[in-house]
Colleague: 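Structure incoming, see below.
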Amino acid sequence: MKDDSTILITLAIHFGILSLLAIGGGNSAVPEMHRQAVDVAHWMTDREFADLFAIAQAAPGPNFLLVTLIGYSVAGLAGALVATLAMCGPTCVIAYYVGRTWDRFRDARWRIAIQAGLVPISVGLIASSGLILSRAADHNWIAFAITAATAAMAYATRLNPLLMFAAAGALGFIGLV
Amino acid sequence: MVEDVADKNPQTPTLSDLFFSFLKVSLSGFGGTLPWARRMVVEQKRWMTAAEFNEAFSLCQFLPGPNVINFAMIFGSRVRGITGGIVAVVGLVGPPIVTMLILGALYQRYGELEELQRILGGVSASAAGLIVAIAVQMAQPVFGTASWRGPLVVAVVFLAVGVFRVPLLWALVVLAPISIALAWRWPR
């Protein structure tokens, strides 16, 4: 029981802080989620992390709900709820208060500098997510080719990503990955 | 602006309007929910003009955390106070959380099955590619300007967080102030 509450507190603190560090949205948080879940706390393997990320992407709803899956795999239903609430709560409180005062500073030079400074940081973080997820998922050249082909198609076409996932899942099922 | 206003729905959404509209957005949102939120709020319900949406969107990007959550909170609380914000967020994340709980339970029970492992092996490779594409799309405007500032910051963040796996908190404590100072000194 003591272990359970310790792990729930760890989840709450970790994802609560992460929700404030996720500059540019949920995908920016993937490197830190991976570091915590795989490298630091050893909650799961690289492979499981890649699996959960794929499930969160393929399911409807915001992609950041990867935290719900991580919480669930670590501490069941309570873990899922704690992790999700921690990821949404602090950011909602800030959105509420900043949303009310936004008009006062939206044209301020410091506000514009902050936003301009954070854009390349979020690009670097999402590129890091791409690298970390590719490393976790690509164990052979066919998997790597799937990653590259999906990236090219998602970049160049407006094809629904679910079709790409379905094709990739079929290739995996027949034993190619 | 004036013709925008004429186009706007004069009715303020009720709490149940908010709940069910964001619920619908959450269920249609494959691969990013925010475009669907825009379609609902601006095009279908006309609760916001396109200009108002863009304004709120830039605020959501300014704020930390998942953008679409920020949008639900800001829009909901603007029309119906704090209760409205919470109702919109719950509508948005409630059903997907239930979905995730079911999928998480299924994964825990059947995740070791050989066939499922093979399928997920393919899907996870593909899902990684989707993020790579998003990164490339977002990088384009940064690398498209003559300024060296953006590309330099992208490269340093990528090396620190992606390659050397520096904890995000430390990377941001050091790099965010530097990047903001550079943006202050060289706005263009």
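Proteins come first, then strands; the chains are lettered A, B, ... in the order of their sequence lines, and each starts at number 1.
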Colleague: May I ask you to name which of A/Arg47, A/Met87, A/Arg135, A/Met164 has the most heavy-atom pairs under 4.5 Å with chain B?
Modeller: A/Arg47
Colleague: Non-hydrogen atoms of chain B under 4.5 Å away: do they reach the side chain of A/Phe15, the backbone, both or neither?
Modeller: neither
Colleague: Do you know which of A/Leu171, A/Leu20, A/Val40 has the most heavy-atom pairs under 4.5 Å to chain B?
Modeller: A/Leu20
Colleague: Supply the atom-to-atom distance B/Ile134 CD1 to A/Tyr155 OH, rounded to the nearest 0.5 angstrom.
Modeller: 13.5 Å
Colleague: Answer with side chain, backbone, both or neither: which region of A/Ala56 has an atom nearer than 4.5 Å to a non-hydrogen atom of chain B?
Modeller: both
Colleague: Measure distances from B/Val161 to the heavy atoms of chain A and classify the residue's part below 4.5 Å as side chain, backbone, both or neither.
Modeller: both
Colleague: What part of B/Leu59 is in contact with chain A, defined as an atom under 4.5 angstrom from a non-hydrogen atom: side chain, backbone, both or neither?
Modeller: both
Colleague: Most heavy-atom pairs under 4.5 angstrom with chain A, which of B/Ala176, B/Ala155, B/Pro141, B/Ala105?
Modeller: B/Ala105
Colleague: Is there side-chain contact between B/Ile131 and A/Phe53, with at least one heavy-atom pair below 4.5 Å?
Modeller: yes
Colleague: Identify which of B/Thr99, B/Val166, B/Leu101 forms the greatest number of heavy-atom pairs closer than 4.5 Å to chain A.
Modeller: B/Leu101
Colleague: Is A/Cys92 close to B/Val89 at the side-chain level, that is, under 4.5 Å between some pair of heavy atoms?
Modeller: yes
Colleague: Can you tell me which portion of B/Leu152 sits under 4.5 Å from chain A's heavy atoms? Options are side chain, backbone, both or neither.
Modeller: neither
Colleague: Tell me, for A/Ile70 versus chain B, whether the close heavy atoms (under 4.5 Å) come from the side chain, the backbone, both or neither.
Modeller: neither
Colleague: Where the side chain of A/Arg106 meets the backbone of B/Glu55, is there a donor-acceptor pair that is under 3.5 Å apart?
Modeller: no
Colleague: If you draw a 6.0 Å radius around CD in B/Glu43, do more than 12 non-hydrogen atoms from other residues or ligands fall strictly inside?
Modeller: yes
Colleague: Taking everything shown except B/Gln11 itself, do over 12 heavy atoms lie less than 6.0 Å from its CD?
Modeller: no
Colleague: Using heavy-atom distances under 4.5 Å, tell me whether B/Leu116 contacts chain A through its side chain, its backbone, both, or neither.
Modeller: neither
Colleague: Could you tell me whether the side chain of A/Ser134 reaches within less than 4.5 Å of the side chain of B/Val132, counting heavy atoms only?
Modeller: yes
Colleague: Checking A/Ser128 side chain against B/Gly162 main chain: does a donor-acceptor pair fall under 3.5 Å?
Modeller: yes
Colleague: How far does CD1 of A/Ile23 sit from CD of B/Gln61, to the nearest 0.5 angstrom?
Modeller: 12.5 Å
Colleague: Can you tell me which portion of A/His139 sits under 4.5 Å from chain B's heavy atoms? Options are side chain, backbone, both or neither.
Modeller: neither
Colleague: Hey, what do you get for OG (B/Ser124) to CG (A/Leu133), rounding to the nearest 0.5 Å?
Modeller: 9.0 Å
Colleague: Return the option, out of A/Ala113, A/Ala137, A/Gly76, A/Gly71, with the maximum number of heavy-atom pairs under 4.5 Å with chain B.
Modeller: A/Ala113
Colleague: Picking from B/Ala181, B/Ala135, B/Gly111, B/Gly76, which has the most non-hydrogen pairs under 4.5 angstrom with chain A?
Modeller: B/Ala135
Colleague: Can you tell me which portion of A/Ser129 sits under 4.5 Å from chain B's heavy atoms? Options are side chain, backbone, both or neither.
Modeller: both
Colleague: Backbone N or O of B/Pro64 within a donor-acceptor pair of the A/Thr91 side chain at under 3.5 Å?
Modeller: yes
Colleague: Based on non-hydrogen pairs under 4.5 Å, which of A/Ala151, A/Gly130, A/Gly24, A/Ala54 is most in contact with chain B?
Modeller: A/Ala151
Colleague: Without swapping roles, check the side chain of B/Ser26 against the backbone of A/Gly61 for a donor-acceptor pair under 3.5 Å.
Modeller: no
Colleague: Test of understanding: clusters of I, L, V, M, F, W, Y form through side-chain heavy atoms closer than 4.5 Å, transitively. Do B/Leu120 and A/Phe144 belong to the same one?
Modeller: no
Colleague: Measuring heavy-atom distances to chain B, does A/Leu176 have an atom under 4.5 Å in its side chain, in its backbone, in both, or in neither?
Modeller: neither
Colleague: For the interface with chain B, which of A/Leu18, A/Leu66, A/Val177, A/Leu21 has the highest count of heavy-atom pairs at distances below 4.5 Å?
Modeller: A/Leu21
Colleague: For A/Trp141, look at atom CH2 and say whether over 12 heavy atoms of other residues, nucleotides or ligands are found less than 6.0 Å away.
Modeller: no
Colleague: Set out, in order, the CA-CA distance, both residues' side-chain angles and the distance that settles side chain to side chain contact (heavy atoms under 4.5 Å, CB included) for A/Tyr96 and B/Ile74, then state yes or no.
Modeller: CA-CA 6 Å; A/Tyr96 178 71; B/Ile74 288 163; over 6 Å; no
Colleague: Only pairs of heavy atoms separated by less than 4.5 Å count here; which of B/Ser179, B/Ala128, B/Ser126 has the most with chain A?
Modeller: B/Ser126
Colleague: Given the options A/Arg109, A/Met153, A/His34, which has more heavy-atom pairs under 4.5 Å with chain B than any of the others?
Modeller: A/Arg109
Colleague: Does any heavy atom of chain A fall under 4.5 Å from the side chain of B/Val163, the backbone, both, or neither of them?
Modeller: both
Colleague: Do B/Arg165 and A/Ile132 have side-chain heavy atoms sitting under 4.5 Å apart?
Modeller: yes
Colleague: If we ignore hydrogens and angles and just use 3.5 Å, is the side chain of B/Arg78 paired with the main-chain N or O of A/Arg100 as donor and acceptor?
Modeller: no
Colleague: Using heavy-atom distances under 4.5 Å, tell me whether A/Gln36 contacts chain B through its side chain, its backbone, both, or neither.
Modeller: neither
Colleague: For the CG atom of A/Leu69 and the CE atom of B/Met100, what is their distance to the nearest 0.5 Å?
Modeller: 5.5 Å
Colleague: Same hydrophobic cluster for B/Phe19 and B/Met73, using side-chain heavy-atom links shorter than 4.5 Å among ILVMFWY?
Modeller: yes
Colleague: Is B/Glu114 close to chain A through its backbone or its side chain, or both, or neither, when contacts mean heavy atoms under 4.5 Å?
Modeller: neither
Colleague: Under 4.5 Å heavy-atom distance to chain A, tell me which part of B/Glu115 shows up: side chain, backbone, both or neither.
Modeller: both
Colleague: With only heavy atoms counted, which part of B/Ile97 is less than 4.5 Å from chain A, the side chain, the backbone, both or neither?
Modeller: both
Colleague: Quick one: side chains of residues 115-122 of chain A, donor-acceptor pairs under 3.5 Å with protein atoms, not counting sequence neighbours, listed by atom name and distance.
Modeller:
residue, atom, partner, partner atom, Å
A/Gln115, OE1, A/Arg111, NH1, 2.2
A/Gln115, NE2, B/Ser58, O, 3.2
A/Ser122, OG, A/Val119, O, 3.0

Colleague: Which one wins on heavy-atom pair count under 4.5 Å against chain A: B/Gly121, B/Ala56, B/Ala125?
Modeller: B/Ala125
Colleague: So which atom in A/Val123 and which in B/Met138 form the shortest heavy-atom distance, rounded to 0.1 Å?
Modeller: CG2-O, 3.7 Å
Colleague: Output the distance between atom CD1 (A/Ile55) and atom OH (B/Tyr107), rounded to the nearest 0.5 Å.
Modeller: 6.5 Å
Colleague: B/Phe158 versus A/Leu125: any side-chain heavy-atom pair under 4.5 Å?
Modeller: no
Colleague: Pick from B/Ile86, B/Val153, B/Val136: which one has the most heavy-atom pairs with chain A under 4.5 Å?
Modeller: B/Val153
Colleague: Verify the neighbour count for atom CZ of A/Phe105: are there more than 12 heavy atoms of other residues, nucleotides or ligands below 6.0 Å?
Modeller: yes
Colleague: Could you tell me whether B/Phe143 atom CZ has more than 12 heavy atoms of other residues or ligands within 6.0 Å of it?
Modeller: yes
Colleague: Taking the side chain as C-beta and beyond, is there a heavy-atom pair between B/Gln117 and A/Asp51 under 4.5 Å?
Modeller: yes
Colleague: Evaluate the criterion side chain to side chain contact (heavy atoms under 4.5 Å, CB included) for residue pair A/Phe64 and B/Val93; output intermediate values, then yes/no.
Modeller: CA-CA 10 Å; A/Phe64 81 92; B/Val93 294; 4.2 Å; yes
Colleague: Checking A/Leu131 against chain B: side chain, backbone, both or neither under 4.5 Å from a heavy atom?
Modeller: side chain
Colleague: Can you tell if the side chain of B/Leu130 reaches within under 4.5 Å of the side chain of A/Gln57, non-hydrogen atoms only?
Modeller: yes
